[in-house]
2 protein chains.
Amino acid sequence: MQINSHPGELTMINIISQPRIRNDTMDTLSSRIQNGDVPAVCRSCEARHGGVCSALTPAQLVELSKHSSRRTIDAGTEFIGQGESISSYSNILKGVVKLSKVMADGRQQIVGLQFAPDFMGRPFLGESRMAAEAAIDTEICVFPRRAIERLIAETPGLEHLLHSQALKELDEARDWMLTLGRKTAQEKVASFLALIASHSDPEAEEKSMFELPLSRADIADFLGLTIETVSRQMTKLRKEGIIQIENNRHVTVPDLGRLVAAAGND
Amino acid sequence: MQINSHPGELTMINIISQPRIRNDTMDTLSSRIQNGDVPAVCRSCEARHGGVCSALTPAQLVELSKHSSRRTIDAGTEFIGQGESISSYSNILKGVVKLSKVMADGRQQIVGLQFAPDFMGRPFLGESRMAAEAAIDTEICVFPRRAIERLIAETPGLEHLLHSQALKELDEARDWMLTLGRKTAQEKVASFLALIASHSDPEAEEKSMFELPLSRADIADFLGLTIETVSRQMTKLRKEGIIQIENNRHVTVPDLGRLVAAAGND
DNA sequence: GATGCGAATTGATCTGCATCAAGGTTGCGG
DNA sequence: CCGCAACCTTGATGCAGATCAATTCGCATC
């Protein structure tokens, strides 16, 4: 296990003494929650609105926050191993996590990308069927397995929320199966870029600019290709004017429509 | 829509008058349910034990059975189209259903296989993101969308059951992503055979015999290959002694261990 | 700016699977 | 028993993407 905990940010208790950040906006968004009762740590937390915590009452938040802790995970560090037993769940607060499977001989496939404020963990199963690794610097809020499972049992809304997320991930996985099984290399790369664009800039209609959260090697593992093929297809898309590449990681898409067409989704 | 309804078997009401089948075994298995209160149609139904209905009380079963109907679907007929709006859910009672996605130019990928007593349908979403087609002759029990959603809201155990199935399907989809993205043609075919073997004969340790529920074309669409490649790899596996092929559809696996090794799962 | 190193690109060649093209098998209706 | 059609197998050839092999780029450190 290679979790990096920054001093003064590891536990909830330490964070409580920090100044609240962006509190005004949060209050606006969460008119239905009584902020006075919500733990201070949670008040500035994104996950309280989109993540698991949005299904909890203030009293439950208080209880859960006693057992949870924030962690910062550096890019490239694996924090759950394939086949490892699971003793905790977590919420992604910031960053991107890749879920991957490895074969005995080392062949690897990324089977999912998770963004904030996704919930991570496989409920009702003792061990992880894949590895989780931070693709870029990432912050998560970790809950002990026991606490979450108790909350699920007593809060139907929470199970509904996790069920919805599982269905969303299932839809994504099946979309990706079509990409892996039937698309050409160019379509695969375009599909990946379209996926990232839609996540980093959900309401963009035409133009989009973003930082790729994955290296070429990661992209290859996500698309079932090699690094070289990914690179060639990126240059091909660039020469066709569908994308512009600044710093290897920074991509501009002048016309999302053309990108989506190149991805084979017409 | 091409649903084939056999006269006398279409509605619950007609079935009520039929003799009960395998009633003794059923009673043994379901000691916790008062059979006297359970609708007669449901008493001989497999899905009452493994499927959605196992989470319902006898009173709920009675209510649901009033709105549900049995249907027989011939092999090869599509009964839900991609992008079609969903007005019902169903339980598979018998048979195999393939879920597939098609691209605009006709390329197709099977993204899931469902066996009895799986639940079919995408809760909380108005339209289907893929097509459903019977791979072999199949029987389903159809419930109106409204009825199921009402039951979910009032029965936490039902949502838990559907959540568990969604997680199971997600695990399967991700396993298949590894197969599609990183395995060779031979490993793909071996993986498919191993999958079918495990479904048709779950507790077999060494030897297994089964009927393939899919044609070569379907297998190709499931594996992201062509018919020809599937056929070649089947003969290759046969010549290597890993499988025996009787009638194109009937396969014998003398040593499951060797098959699993050929599938790349060591 | 020079140095060094991992990451990315680019080029040459190879190969696994697709594609194209015949046959062979099975089963059904006349 | 024959002929047709759907399905499967087998063979010959082509090509997309893998593999092998240099560069080149980006960026941090001195």
Side-chain angles (χ1 to χ4, degrees), chain A residues 74-77 98 103 105-109 135-137 179-193 211-240 243-251 262 264, chain B residues 74-77 98 103 105-109 135-137 179-193 211-240 243-251 262 264:
Chain A
D74 288 342
T77 88
K98 40 187 236 231
M103 292 175 63
D105 60 7
R107 279 175 286 175
Q108 192 170 8
Q109 175 68 46
I136 53 177
D137 291 353
T179 300
L180 288 173
R182 290 300 186 199
K183 289 191 183 174
T184 64
Q186 168 145 9
E187 288 169 331
K188 284 180 176 183
V189 172
S191 298
F192 169 74
L193 294 172
E211 292 288 315
L212 291 177
L214 267 54
S215 67
R216 298 291 187 268
D218 286 339
I219 298 172
D221 279 344
F222 193 36
L223 297 172
L225 297 171
T226 58
I227 298 180
E228 294 94 326
T229 301
V230 171
S231 177
R232 280 186 244 274
Q233 299 304 329
M234 294 276 287
T235 28
K236 192 143 168 271
L237 288 170
R238 178 169 54 71
K239 286 181 178 163
E240 290 170 359
I243 59 172
Q244 290 149 239
I245 302 174
E246 272 95 62
N247 288 342
N248 279 348
R249 290 280 184 140
H250 192 92
V251 174
Chain B
D74 287 344
T77 88
K98 38 186 237 232
M103 292 175 62
D105 60 7
R107 280 175 286 175
Q108 193 171 9
Q109 175 68 47
I136 54 177
D137 292 353
T179 300
L180 288 173
R182 290 300 186 198
K183 290 191 184 175
T184 65
Q186 167 145 11
E187 288 169 331
K188 284 180 176 183
V189 172
S191 298
F192 169 73
L193 294 172
E211 292 288 314
L212 292 177
L214 267 56
S215 67
R216 298 292 187 269
D218 286 339
I219 298 172
D221 280 343
F222 193 36
L223 297 172
L225 297 172
T226 58
I227 299 181
E228 294 93 325
T229 301
V230 171
S231 178
R232 278 185 245 274
Q233 298 304 329
M234 294 275 287
T235 30
K236 192 142 168 273
L237 288 170
R238 178 169 55 72
K239 285 181 179 164
E240 289 170 0
I243 60 171
Q244 289 149 238
I245 303 175
E246 271 95 64
N247 287 342
N248 281 348
R249 290 281 185 141
H250 191 94
V251 174

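This structure is a prediction, so every number in the text was calculated from the model and none was measured. In what follows, every chain begins at residue 1, and chains take the letters A, B, ... in the order their sequences are listed.
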Atom CD1 of I245(B) and atom C1' of dT9(D): how far apart are they, to the nearest Å?
10 Å

Is the base of dG16(C) touched by the side chain of R232(B) through a donor-acceptor pair closer than 3.5 angstrom?
no

Euclidean distance, atom CG of residue N247(A) to atom P of dT24(D) [Å, nearest integer]:
20 Å

Testing dC17(C), dT9(C), dG17(D) for proximity to the side chain of A185(B), the answer is dC17(C)

What's the verdict on side chain to side chain contact (heavy atoms under 4.5 Å, CB included) for L180(A) and Q109(A), showing C-alpha distance, side-chain angles and the deciding distance?
CA-CA 10 Å; L180(A) 288 173; Q109(A) 175 68 46; 3.9 Å; yes

To the nearest Å, how far apart are N248(B) CG and dT25(C) P?
11 Å

Atom-pair distance (CE on M234(A); C1' on dG17(D)), nearest Å
17 Å

To the nearest 0.5 angstrom, please state how far the CG atom of D221(A) sits from the CG atom of L223(A).
9.5 Å

How many whole angstroms separate atom NZ of K188(B) from atom P of dA18(C)?
7 Å

How many angstroms lie between CE in M234(B) and NZ in K239(B), if you round to the nearest 0.5 Å?
13.5 Å

For R249(B) and dT9(D), give me the distance from atom CZ to atom P, rounded to whole Å.
11 Å

Spacing of Q186(A) atom CD relative to dC15(D) atom P, expressed in whole Å:
18 Å

Is the phosphate of dG17(D), meaning OP1 or OP2, less than 4.0 Å from a side-chain N or O of T229(A)?
no

OP1 or OP2 of dA18(C) under 4.0 Å from side-chain N/O of T226(B)
yes

Rounded to whole Å, the NZ-P distance (K236(A) to dT10(C)) equals 14 Å

Worked check of side chain to side chain contact (heavy atoms under 4.5 Å, CB included) between F192(A) and L212(A)
CA-CA 10 Å; F192(A) 169 74; L212(A) 291 177; 4.0 Å; yes

Would you state whether a donor and an acceptor, one from the side chain of E228(A) and one from the base of dC20(D), lie under 3.5 Å apart?
yes

Can you find a side chain N or O atom of T235(B) that sits less than 4.0 Å from OP1 or OP2 on dT10(D)?
yes

Counting only N and O atoms by type, is there a donor-acceptor contact under 3.5 Å from the side chain of E187(B) to the main-chain atoms of A262(B)?
no

Of the listed dA18(D), dT10(D), dT9(C), the closest approach to the L225(A) side chain comes from dA18(D)

